[in-house]
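Notes to accompany the following structure.
Throughout, a chain's letter reflects where its sequence line sits, starting with A, and its residues are numbered from 1. The figures here come from the full heavy-atom set of this structure, side chains too, leaving out hydrogens, waters and symmetry mates. All values derive from a computational prediction rather than experimental measurement.
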Protein chains: 2
Amino acid sequence: MRSRSVPAAVAASPGLPVDVVPIALSVDLVLLTVRDDQLCVLLVRRGIEPFRGRWALPGGFVRPQEDLAEAAVRELAEETGVRRRPAHLEQLATYGAPARDPRGRVVTVAFLALAPLSQAPVAGTDAAASRWAPVAGAGDPPGLAFDHQAILGDGLERARAKFEYSAVATAFCEPEFTVAELRRIYELVWGGRLDPRNFHRKVTGTAGFLVPTGRFTTRDGGRPAELYRRGDAGVLHPAMLRPTARPNP
Amino acid sequence: MRSRSVPAAVAASPGLPVDVVPIALSVDLVLLTVRDDQLCVLLVRRGIEPFRGRWALPGGFVRPQEDLAEAAVRELAEETGVRRRPAHLEQLATYGAPARDPRGRVVTVAFLALAPLSQAPVAGTDAAASRWAPVAGAGDPPGLAFDHQAILGDGLERARAKFEYSAVATAFCEPEFTVAELRRIYELVWGGRLDPRNFHRKVTGTAGFLVPTGRFTTRDGGRPAELYRRGDAGVLHPAMLRPTARPNP
DNA sequence: ACAATAGTGTCTTTGAGACACTATTGA
DNA sequence: TCAATAGTGTCTCAAAGACACTATTGT
């Protein structure tokens, strides 16, 4: 490594090599929920330049003594009033194209979060500053700020893929839910319809996915449906393969 | 956000809020290859504190105008003489625990890379500074520097998972290879044995995985085996499920 | 009675795994 | 001839998808 003309004061820490150039690090969240029978993403309106007035993913800068996931949860609370930790939170990817922020070098660690609407009311700051946007059409026509459109796309693809082999879909559900409600969530995330009968058999036959409560509800109309809770399965056996991922015709 | 007692000179860029504290950002690589019938990871010996003399993953700090993957490839060339871009390179995850580096706040973006041994000779710097270590036992007993042991574990798990539904296994192979050579790679990464006959049927029957050349080799002994090239399939249909991931007995 | 939804049974097809069998080389 | 590996065929079982059928509610 050759030496670089950077003031020594810029070094992040005395122990590090002097030619290390610190970089601003942020976190951004793709927080998804189901609302009005639509898959929605939480967006905030930018109040400052750049991209002032445009919609963006919630996020902000990491503090010196804070872990990355911790920063994500804090920013969520600060910007949108969502105080509770989302039912599911995982690191998505890190975006570091040199010109992704016109202000300078900002690298962002994106997180994917899933929560039922009841846990993410969006009531903290003023209502105009944050909203749930249906993912179909989120950010059109001007598009989201920075590279957030791409981050949202990656988050959606991650969610679709994870639905196949994990039980994260239940993160969208209230504590007790019916099979039909879970199926609707799969349909919204994957797009298209799933056969209610085969879905029921698969989901109740997969070990650790659902725990029956013995109680029933008629809130969906028709014959009473049993209520279930999330099981403890991390991965699903067998997996729930999405019909769109079929090989040939 | 409350204001913090940080000199303004520390801010990464004039356009950013003054209370943004820049962080040192590095990249680290989990570069895997197959050597002497073993799955190996590339390690470098640290020449400076902290962890001086300990083995670590190759990596280094990101430069101001450089993309993350670009930094990973550059560090690989600088530290180990591996000049060619690995056959497969993907972002793994970002590690940012506040105390992961005793020198100060250093967040690292880890990459997973796969390459055939012929493309990664490890000849750049002196031989004592970098080596191929079998992943079984890499870093024992003192363990790898920093949190690199955990990063290596995550990288291996990612590789194992990706072998199921993608064709990345061919990234370990020379341009032309036999089904038996590919099978051996699956066995090394997953551990355990795979039935040669069923493996052959699966792998040749999966669209886009392998392209037959029409030429044959006897380098593995026995009846001549056909040589194949990588196909263009991104994802595999059907997937190659690992036997260890079985549900019950 | 009827519409609506829950849940079960049954058939077909696909693919995984076990393993017998044939094919083609070198020693 | 024999050992070794390549490659095919066949059987069984598990699971997906299609869809008929029964069950239980509200209106």
Side-chain angles (χ1 to χ4, degrees), chain A residues 37 163-165 176-187 190 192-228 233 235-249, chain B residues 37 163-165 176-187 190 192-228 233 235-249:
Chain A
D37 204 46
F163 267 42
E164 294 203 64
Y165 58 89
E176 300 199 340
F177 53 89
T178 68
V179 172
E181 288 159 4
L182 183 64
R183 172 168 49 84
R184 191 71 195 122
I185 286 168
Y186 268 91
E187 291 177 338
W190 282 350
R193 292 275 160 179
L194 297 173
D195 185 287
R197 300 156 295 183
N198 290 334
F199 184 87
H200 189 283
R201 241 193 313 103
K202 268 165 76 168
V203 91
T204 54
T206 298
F209 197 175
L210 300 183
V211 179
T213 64
R215 266 166 300 114
F216 292 80
T217 181
T218 58
R219 65 189 179 211
D220 302 329
R223 169 176 167 181
E226 184 157 18
L227 288 164
Y228 292 86
V235 293
L236 300 182
H237 283 292
M240 305 275 302
L241 300 179
R242 40 184 159 168
T244 46
R246 288 273 75 77
N248 297 16
Chain B
D37 205 46
F163 267 42
E164 295 202 66
Y165 57 89
E176 299 199 341
F177 53 91
T178 67
V179 172
E181 288 158 5
L182 182 64
R183 171 168 50 84
R184 190 70 196 123
I185 285 168
Y186 268 90
E187 290 177 339
W190 282 349
R193 292 274 160 179
L194 297 172
D195 185 286
R197 300 157 294 185
N198 291 335
F199 183 87
H200 190 283
R201 243 193 313 102
K202 267 163 78 167
V203 91
T204 54
T206 298
F209 197 174
L210 300 183
V211 179
T213 65
R215 266 167 299 114
F216 291 80
T217 182
T218 58
R219 66 190 181 213
D220 301 330
R223 169 176 166 182
E226 184 158 16
L227 288 164
Y228 291 86
V235 293
L236 299 183
H237 283 293
M240 306 275 303
L241 300 178
R242 37 183 162 170
T244 45
R246 287 275 73 79
N248 297 16

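- With sequence neighbours excluded, the residues satisfying side chain to side chain donor-acceptor pair (under 3.5 Å) with R197(A) are D195(A).
- Nucleic acid contact for D195(A): base, since at least one base atom lies under 4.0 Å from a heavy atom of the residue.
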Response to the item:
Going 5' to 3' through nucleotides 20-27 of chain C and flagging B where a protein heavy-atom sits under 4.0 Å of the base, S where only the sugar-phosphate is that close, and - otherwise, we get B--BBB--
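- Whole-Å rounding puts the L182(A) CG to dA6(C) C1' distance at 15 Å.
- Remark: R201(A) pairs with N198(A) by the side chain to side chain donor-acceptor pair (under 3.5 Å) rule, at least two apart or across chains.
- Nearest-nucleotide positions on DNA chain D for T178(B) and R201(B) put T178(B) closer to the 5' end.
- Scanning atom types as modelled, one donor and one acceptor separated by under 3.5 angstrom connect the side chain of N198(A) and the base of dA18(D).
- At a threshold of 4.0 angstrom between heavy atoms, the contacts of R219(B) with the nucleic acid are absent.
- Taking E187(A) as the reference, R184(A) meet the side chain to side chain donor-acceptor pair (under 3.5 Å) condition, with sequence neighbours excluded.
- Within the structure, no pair that satisfies the ring-ring contact (aromatic ring centres under 6.0 Å, His included) test touches residues 200-225 of chain A, not counting sequence neighbours.
- Residues satisfying the ring pair (Phe, Tyr, Trp, His ring centres under 6.0 Å) criterion with F199(B), sequence neighbours excluded, are Y186(B).
- In terms of phosphate contacts, H200(A) brings no side-chain nitrogen or oxygen within less than 4.0 Å of OP1 or OP2 of dA6(C).
- Using a 4.5 Å cut-off on side-chain heavy atoms (C-beta onward), M240(A) and W190(A) make contact.
- The nearest whole Å value for the distance from the CZ atom in F199(A) to the C1' atom in dT5(C) is 15 Å.
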